[in-house]
**Student:** 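What follows is a single structure, and I will ask about it in a moment.
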Amino acid sequence: MQKLSLFLKDSWSEMRYKVTWPPYSKLQNSSILVLVGALIFALLIGVIDLAFDNAMEWFYNAF
């Protein structure tokens, strides 16, 4: 139990004093970039899914 307590104290200390956190504006820009990238990726996957769905529907109706 003592090792766990020491680990948590050291982790907290490292997160507080040794980690450099980005400024809020840079964090906002990164978040927007990730959001836009995820939306583009989702749209791309949606278009591919729609194309496959239409192709499979055409194929099954053809035979």
Side-chain angles (χ1 to χ4, degrees):
M1 192 66 176
Q2 186 178 4
K3 286 184 179 182
L4 178 63
S5 175
L6 180 62
F7 172 75
L8 292 174
K9 285 179 185 178
D10 287 345
S11 296
W12 175 258
S13 175
E14 187 168 341
M15 291 294 284
R16 187 163 182 202
Y17 298 113
K18 293 184 180 179
V19 173
T20 55
W21 298 98
Y24 186 71
S25 62
K26 193 169 188 176
L27 188 64
Q28 267 185 324
N29 290 338
S30 297
S31 298
I32 290 171
L33 181 65
V34 168
L35 181 64
V36 168
L39 287 174
I40 290 171
F41 188 68
L43 287 172
L44 179 65
I45 295 298
V47 167
I48 291 171
D49 183 49
L50 184 62
F52 276 123
D53 184 45
N54 288 335
M56 287 291 134
E57 187 175 333
W58 171 81
F59 181 76
Y60 287 135
N61 288 336
F63 295 107

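Numbering starts at 1 and runs along the sequence shown. This one's a predicted model, so the numbers in the text were calculated from it and none came from an experiment.
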**Student:** Only one of Met15, Lys9, Arg16 clears side-chain contact (heavy atoms from CB on, under 4.5 Å) with Trp12; which?
**Tutor:** Arg16
**Student:** Could you state the interatomic distance from CD1 (Ile32) to CG (Leu27), rounded to the nearest 0.5 Å?
**Tutor:** 10.0 Å
**Student:** If you measure from CG on Leu50 to CG on Asp53, what distance do you get to the nearest 0.5 Å?
**Tutor:** 6.5 Å
**Student:** Atom CG in Asn54, atom CG in Asp49: separation rounded to 0.5 Å?
**Tutor:** 9.5 Å
**Student:** Is it true that Leu4 and Leu6 fall in one hydrophobic cluster, defined by side-chain heavy atoms closer than 4.5 Å?
**Tutor:** no
**Student:** Within a strict 4.5 Å, meaning less than it, do heavy atoms of the Trp21 and Lys26 side chains meet?
**Tutor:** no
**Student:** Can any side-chain N or O of Ser11 pair as donor or acceptor with the backbone N or O of Phe7 at less than 3.5 Å?
**Tutor:** yes
**Student:** Do the side chains of Leu35 and Leu33 join up, straight or via other hydrophobic residues, at under 4.5 Å, putting them in one cluster?
**Tutor:** no
